Amino acid sequence: MGEIGVFASIVAGDTFKYYSEGEWRVSSSGKSVPIINPTTRKTQFEVQACTQDEVNKVMESAKIAQKSWAKTPLWKRAELLHKAAAILKDHKKPIAECLVKEIAKPAKDAATEVVRSGDLVSYCAEEGVRILGEGKFLMSDSFPGNERTKYCLTSKIPLGVVLAIPPFNYPVNLAVSKIAPALIAGNSLVLKPPTQGAVSALHMVHCFHLAGFPKGVISCITGKGSEIGDFLTMHPIVNCISFTGGDTGIAIAKKVSMIPLQMELGGKDACIILEDADLDLAASNIVKGGFSYSGQRCTAVKVVLVMESVADILVKKVNEKVGKLTVGPPENDCDITPVVTESSANFIEGLVMDAKKKGATFCQEYKREGNLIWPLLLDNVKQDMRIAWEEPFGPVLPIIRISNVEEGIHHCNASNFGLQGCVFTKDINKAMLISDAMETGTVQINSAPARGPDHFPFQGLKDSGIGSQGVTNSINMMTKIKSTVINLPTPSYTMG
Ligand SMILES: *[C@@H]1O[C@H](CO)[C@@H](O)[C@H](O)[C@H]1NC(C)=O
């Protein structure tokens, strides 16, 4: 079968269908949501605008399907995930093409995202069989006042229905990082993909369909946040939400009832450069960390805090590399591609103009065409500039010069965010002390912040999130402990 044949069933006319009860369906709303290509700024795809009734159907079928899915042997659940992973990797080309058109991800990075996603699903299946196949056995007499008369057996049980809401920047990878742990643990899963990225996500979901998951175990609903957003997150059938995105996460956390949340809500990752740092290494990491996918990553380097004594040399080295970045359409695999929406571009421009007005030094000329913003380094950024604190999610990077390390740590800790940070120095002892002092979920020593490898724990402090991700942590988060206690007769009992 050709690629079109494989994915023919997920589209009706010009509009992609949604996935409910194991079938691809057209919404009864008769409405669709357009997906604008960030490069052409024209409608590229359309997806169904699902109704609340359709959400109810999906939830009810997810709830029913979960009961028998949880009883499906663990090795069989793993087998299906391995199958889905292989199908996903086999179809990396059409899925990557969607990523290029929907979110303007450079072609090579788009293909990498799909392969990485397949690997994550397989890894998760393997990790799942190991950690879910084990429980604990405890005896009562280790706690004061108890005889050895109670044997406690614990195992991990699924939560029920998990709602996954990934962001636009990794609509496939950050979807499977929620889907795979949920499914291996015996939960059913409802996916609400981001608007930009929805079509890539629907293709990915079809790979799970082709793998043969029972109907209702995985579903995918598309539509307008204003119509079904709160309805989904506050739905009584939902037992857990795994969300990656922006401020919306804070609003969700305030509204939902008593269910576990896994949230990753962005960051203002700081890069601290000490006087003894390898400045070439720092410069290449700053450029890679700050400008990959045009800075639209939670873990992008979002502020450089450099010691004044080495700042001139560092800025020169970074500028040389920024000058070599290619700017243009994602199809040509350019380094810098259009940002996801016009409103994002306007927001970025607002930060840049504010910094200009307040006296930042522009290392390049500010240039924008449509959603395409040329890479820009802003030197001599001061505390009163919005860009010192806010997350641009674009190819613009502020540099703050500091006169001592404490100033850098202070800036990092004063942020509402606390996702990651990094420090460049040859002194490992100093690096460890700085890592301890930085109020972030992760500190990278001598490298740019990064989420991967996908089995590493990934978490944010403060407004950056709730809980910890990474394969193992996600599986654990999507389960509960169940104990069974065997009570023996009192010691006076004789076997005679
Ligand atoms: C973060 O920095 C602030 C200000 O410099 C400091 O008071 C605080 O103790 C630091 N946090 C940690 C964990 O060291």
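Only a predicted model underlies this, so the values are computations on that prediction, with no experimental measurement involved. Order of listing sets the numbers, starting from 1, for every ligand and every atom in it.
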- Message: I'd like to know if the side chain of E264 pairs up with that of S464 as donor and acceptor (distance under 3.5 Å, no hydrogens or angles considered).
- Response: no

Has N404 got more than 12 heavy atoms of other residues, nucleotides or ligands less than 6.0 Å from its CG? yes

With no hydrogens and no angle check, do the side chains of S200 and E102 hold a donor and an acceptor under 3.5 Å apart?
yes

**Item:** Pi-cation contact, Y170 with R451 (under 6.0 Å, within 45°)
**Value:** yes

* Using a cut-off of 6.0 Å, state whether more than 12 heavy atoms not belonging to K462 lie near its atom NZ. => yes

Open item on the list: Does the Lys NZ or Arg CZ of K105 fall within the cation-pi geometry relative to Y293 - under 6.0 Å from the ring centre and within 45° of the axis?
Closed with: yes

Contact set, ligand 1, heavy-atom distance under 4.0 Å, ordered by chain/number, equals I409, H410, N413, D436, A437, E439

